[in-house]
Amino acid sequence: MNIFNCQNCGQLIFFENVKCVRCQHTLGYLPDIGLLSALGPVGEGRWQALAPEAGDRLYKMCRNYSDENVCNWMLRADDSASLCLACSYNQTIPDLSSPQNRAYWQRLEAAKRRLIYGLLQLGLPPVSKRDDPERGLAFAFMGEANPEFRESNAVMTGHANGLITINIAEADDVVREKMRLQMNEVYRTVLGHFRHESGHYYWELLIRSSDLLTPFRKLFGDERADYDKALQRHYSEGPPADWQQHFVSAYASAHPWEDWAESWAQYLHIVDTLETARNFSLQVKTPEGVAGEFTAMLAGADDYRPSSFKAMMESWLPLAYAINNINRSMGQPDMYPFVLAPKAVEKMEFVHQVISQSAQQAEQTPPPRAAAGS
Ligand SMILES: [Zn+2]
Ligand SMILES: [Zn+2]
Ligand SMILES: [Zn+2]
């Protein structure tokens with residue numbers, strides 16, 4: 001994630017913020033230029049961005065920002081849409097008759113915006129299902145009205161034909177942590193769900209009908225294996241004893257699709273966390289020297305996408321090790337609780353190649369609404 005400063009007072013501001021804590025300026029994220037900016041009202045719901053990069057363009061708040069307070073993204077004042085790019089993918093939102101659901105929705109939206117940010121930065125702007133019902137992306141945030149049903153799995157978090165469904169109970173820390181322990185997982189977060197499910201979506205888009213399918217099967221296995229049976233087996237028998245030598249997580253061993261989605265999510269985690277580290281100029285000393293030549297490592301086509309997978313991993317491992325130790329000093333769980341076997345790294349490298357190839361192809365075709373910023 002990029003780091004942002006209030007254009008009015010210089011205060012460090014976070015991606016999720018709606019107001020500068022120092023000067024009280026209203027803030028909004030401008031997806032057309034990829035910046036969080038302080039805003040000045042110019043009347044009739046229109047705003048001028050203080051970020052010089054925005055020039056004299058006028059913006060309006062996403063309706064989920066102005067009316068619902070669950071978003072902080074802006075769109076151009078002359079855009080006929082009322083929802084921002086990130087909210088344009090929403091197909092179903094939680095039932096807001098329950099105040100608790102609104103709090104869950106807020107958490108889901110915050111994680112979703114981080115996912116969308118990352119996808120845009122990687123050169124993978126998803127098309128909304130509204131614009132392309134067949135190949136587009138949409139989200140459904142669903143929960144059971146009755147709290148007793150929350151853990152019943154009646155709403156399954158998952159992906160089908162471009163629709164990512166998230167059980168809103170995943171935004172409840174107690175429910176999610178209980179689930180994590182039950183499933184014996186080292187990592188379960190709302191953002192992790194979004195990144196994982198987006199992996200399924202991009203598999204359909206980038207691999208299913210492409211010449212990448214053969215190398216995919218060679219590395220991950222044959223995805224034509226019965227999916228439901230594979231999951232049933234995973235839940236009844238657990239992962240194979242030696243899963244750590246082949247997979248990034250136990251769940252990845254359930255089926256090649258899950259292995260791909262887990263590897264994809266890992267890649268997104270690492271690329272985004274490295275961007276944050278680089279923006280804070282973090283460096284980690286190792287016996288071999290200074291790891292974290294993040295600037296050199298990322299001197300690729302843009303500032304986000306790693307130009308070299310090898311350099312990315314050489315920066316990542318010492319950084320993860322250092323931050324895990326910092327977290328332990330605070331009595332917190334490890335920031336990065338995964339152990340990466342060479343086979344798991346190889347799968348992530350495949351993800352890297354798929355993303356790099358797709359981003360290069362996208363650069364040669366006209367940008368969708370996201371990049372055009374209309
Ligand atoms: Zn400020
Ligand atoms: Zn929005
Ligand atoms: Zn999955």
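Only heavy atoms go into these numbers, but all of them, side chains included; no hydrogens, no water, no symmetry mates. As the structure lists them, so they are numbered: ligands from 1, and atoms in each ligand from 1.
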| said: Please tell me whether Glu109 and Tyr65 have a donor and an acceptor in their side chains that are separated by less than 3.5 angstrom. | reply: no
| said: Testing the 3.5 Å rule here: is there a donor-acceptor pair between the side chains of His352 and Tyr267? | reply: yes
Given the side-chain rings of [X] and [Y], with only the six-membered ring counted for Trp, is the space between their centroids under 6.0 Å?
X      : Y      : answer
Phe194 : Phe139 : yes
Phe14  : Phe4   : no
Trp47  : Tyr59  : no
Tyr336 : His269 : no

| query | What's within reach of the Zn ion (ligand 1), meaning protein N/O/S atoms under 2.8 Å? | reply | Cys6 SG, Cys9 SG, Cys20 SG, Cys23 SG
| said: Can you tell me if, anywhere in His200, an N/O/S atom lies at a distance from the Zn ion (ligand 3) that is smaller than 2.8 Å? | reply: yes
| request: Report yes or no: does Glu258 have an N/O/S atom closer than 2.8 Å to the Zn ion (ligand 3)? | output: yes
| message | Given the Zn ion (ligand 2) as the apex, I'd like the angle to SG of Cys62 and SG of Cys71, rounded to 10 degrees. | response | 120°
| Over 12 non-hydrogen atoms of neighbours within 6.0 angstrom of NZ in Lys19 | yes
